[in-house]
Amino acid sequence: MQTEIAERLLEWYDQHARSLPWRKRDPDPYAVWVSESMLQQTRVETVIPYYERWMARFPTLAALASAGEQDVLQAWEGLGYYSRARNLHRAARQVMERFAGRLPADRAALESLPGIGRYTAGAIASIAFGLDEPALDGNIRRVYARLFDVEVPARSPDGEKRLWDLAAKNLPAGRAGDFNQALMDLGASVCTPRSPSCRLCPLNGSCRAFALGVQEERPVLTARAPIPHYTVTAAVLHRNGSVLIARRPSRGLLGGLWEFPGGKVEAGETLPQGLAREIREELGADIEVGQPVGVYQHAFTHFRITLHAFHCRLAAGEPRPLEASELRWVTPADLGQFPMGKVDRRISKELVRPESQGDEF
DNA sequence: TATTCGTGGGA
DNA sequence: TTCCCAAGAAT
């Protein structure tokens, strides 16, 4: 049956649906999957240009599966949460093996793939395959917390269960994909986190929080942890017009991306304990720390850093050639080929500035 | 179950 | 400046 909420929301959606590149009459499941992966914790406006480039570069699931991981990470550079790209890539290869190259039209099967959790499985199932599956993202969570005045913290186990139950209970049969997307559009444009436009909301007559005047108090938030501050250094090691970069471990922070060698230090240190030793062991030469390139302050969601970058060079002598190593000598012109996080990309661009080239020291 | 994972934008 | 947080998932 169709609830009054669904009826009014779908009517609103017919008039106000945003036009987005991945929204089509007969959606390509792969395209929906790509968009949902990119949209995890990321705004629509940020995703659109990445989505367009991605679909031009990897037009099909098979094309993605046959691509190399470095190319995949390169296409993702700047979007953040890089495990999404690695999981998308891994999952594409699994789909080729396990599902004959076709994304399964089944919630549980979707959720068995890396990078597809409860939300994304519901979104793909409903949007791409027309199945009656609920989805609960940040927007929908907020809309339901207000509509039904959910007083428990939304991110608590109890709150999550209540909200998923609401998402399932209010789902209209037949148009679940439109309904889920309508809830997300409503949350993004009307039922916003702060100063919601309740006067324009098609559901204001059904909204308990609006009736009680507590829209801004819903959803109930939980306190967030204090943000640590780290001091980090990076070595810009020059030799014969090239610089040394290192590939980060494939898991964890910026996994699989390249960086200028360095890491966390105690305040006042120039290079991390161990880096000089690693360089010496890999290259057979001592590293000499020279002039600072710059100081970079960066605030991330969960931590802050102050990064000190230094021009460095090797002591006299011929360094060993690198083979099968996580280290590479790269010319400034080639640095763009290596996927990097924001901070290291910024440092790499400083290198190609005329006044920063050469081995001034 | 609580943490860990980026980046950019808005108030 | 500071805080929040945006189509979450993995561990």
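The shown structure was predicted, so the numbers you read here are calculated from the model rather than taken from an experiment. Below, chains carry the letters A, B, ... as their sequence lines are ordered, and counting in each starts from 1.
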**Message:** Need to verify one output field. Residue with the more 5' nearest nucleotide on DNA chain C, A/A188 or A/I227?
**Reply:** A/I227
**Asked** Which residue, A/R90 or A/S83, contacts DNA chain C at a nucleotide closer to its 5' end, judged by nearest heavy atom?
**Response**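 Upstream on the strand: A/S83.
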Are there any protein N/O atoms within less than 3.5 Å of an N/O atom in nucleotides 8-11 of chain B, and if so, which ones and at what distance?
unit_1: B/dG8; atom_1: OP2; unit_2: A/K342; atom_2: NZ; d: 3.3
unit_1: B/dG8; atom_1: N2; unit_2: A/R43; atom_2: NE; d: 3.4
unit_1: B/dG8; atom_1: N2; unit_2: A/R43; atom_2: NH2; d: 3.3

**Request:** Could you list the residues that satisfy salt bridge (charged side-chain N to carboxylate O under 4.0 Å, His left out) with A/E278, not counting sequence neighbours?
**Result:** none
**With sequence neighbours excluded, residues passing salt bridge (charged side-chain N to carboxylate O under 4.0 Å, His left out) with A/R98** =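 Counting only residues at least two positions away or on another chain, A/R98 forms no salt bridge (charged side-chain N to carboxylate O under 4.0 Å, His left out).
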**Prompt:** Parallel, tilted or perpendicular for A/W76 and A/W54, by the 30°/60° rule?
**Reply:** perpendicular
**Message:** Starting the side chain at C-beta, find the nucleotide from B/dG6, C/dC5, C/dA9 nearest to A/T42.
**Reply:** B/dG6
**P-based separation of B/dG6 from C/dT11 [nearest Å]** =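 It comes out at 14 Å once rounded to the nearest Å.
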Interatomic distance where [atom1] belongs to [X] and [atom2] belongs to [N] [whole Å]:
X: A/L257; N: B/dG6; atom1: CG; atom2: C1'; result: 10 Å
X: A/E36; N: C/dG8; atom1: CD; atom2: C1'; result: 11 Å
X: A/R224; N: B/dT3; atom1: CZ; atom2: C1'; result: 13 Å
X: A/D158; N: B/dA2; atom1: CG; atom2: P; result: 13 Å
X: A/I48; N: C/dA6; atom1: CD1; atom2: P; result: 17 Å
X: A/R304; N: C/dT1; atom1: CZ; atom2: P; result: 10 Å
X: A/R346; N: B/dT7; atom1: CZ; atom2: P; result: 12 Å
X: A/Y82; N: B/dT7; atom1: OH; atom2: C1'; result: 8 Å

State whether [X] places a side-chain N or O below 4.0 Å from either non-bridging phosphate oxygen (OP1 or OP2) of [N].
X: A/Y81; N: B/dT4; result: no
X: A/R142; N: C/dA6; result: yes
X: A/R141; N: C/dA6; result: no

**5'-most by nearest nucleotide on DNA chain B - A/Q41 or A/P157** =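 On the 5' side of the pair lies A/P157.
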**Item:** Geometric cation-pi criterion A/R175 and A/F179, 6.0 Å radius, 45° cone
**Value:**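 Ring-cation test returns no.
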Touch check for [X], heavy atoms < 4.0 angstrom, all strands: base, sugar-phosphate only, or nothing?
X: A/L79; result: base
X: A/I127; result: nothing
X: A/W22; result: base
X: A/G341; result: sugar-phosphate

**Request:** Check ring-ring contact (aromatic ring centres under 6.0 Å, His included) between A/F129 and all other residues, then give those that pass, not counting sequence neighbours.
**Result:** none
**Request:** Hey, could you give me each pair passing salt bridge (charged side-chain N to carboxylate O under 4.0 Å, His left out) that has a residue in residues 18-27 of chain A? Not counting sequence neighbours.
**Result:**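 Sorted pair list: A/R18-A/D185, A/R23-A/D185.
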**Request:** Just do the salt bridge (charged side-chain N to carboxylate O under 4.0 Å, His left out) check on A/R93 and A/E97 with the steps written out, would you?
**Result:** CA-CA 6 Å; A/R93 294 186 167 184; A/E97 294 290 324; over 6 Å; no
Using atom types as modelled, flag every donor-acceptor pair under 3.5 Å from a side chain in residues 199-213 of chain A to any protein atom, sequence neighbours excluded.
unit_1: A/N204; atom_1: ND2; unit_2: A/C198; atom_2: O; d: 3.1
unit_1: A/N204; atom_1: ND2; unit_2: A/C201; atom_2: O; d: 3.3

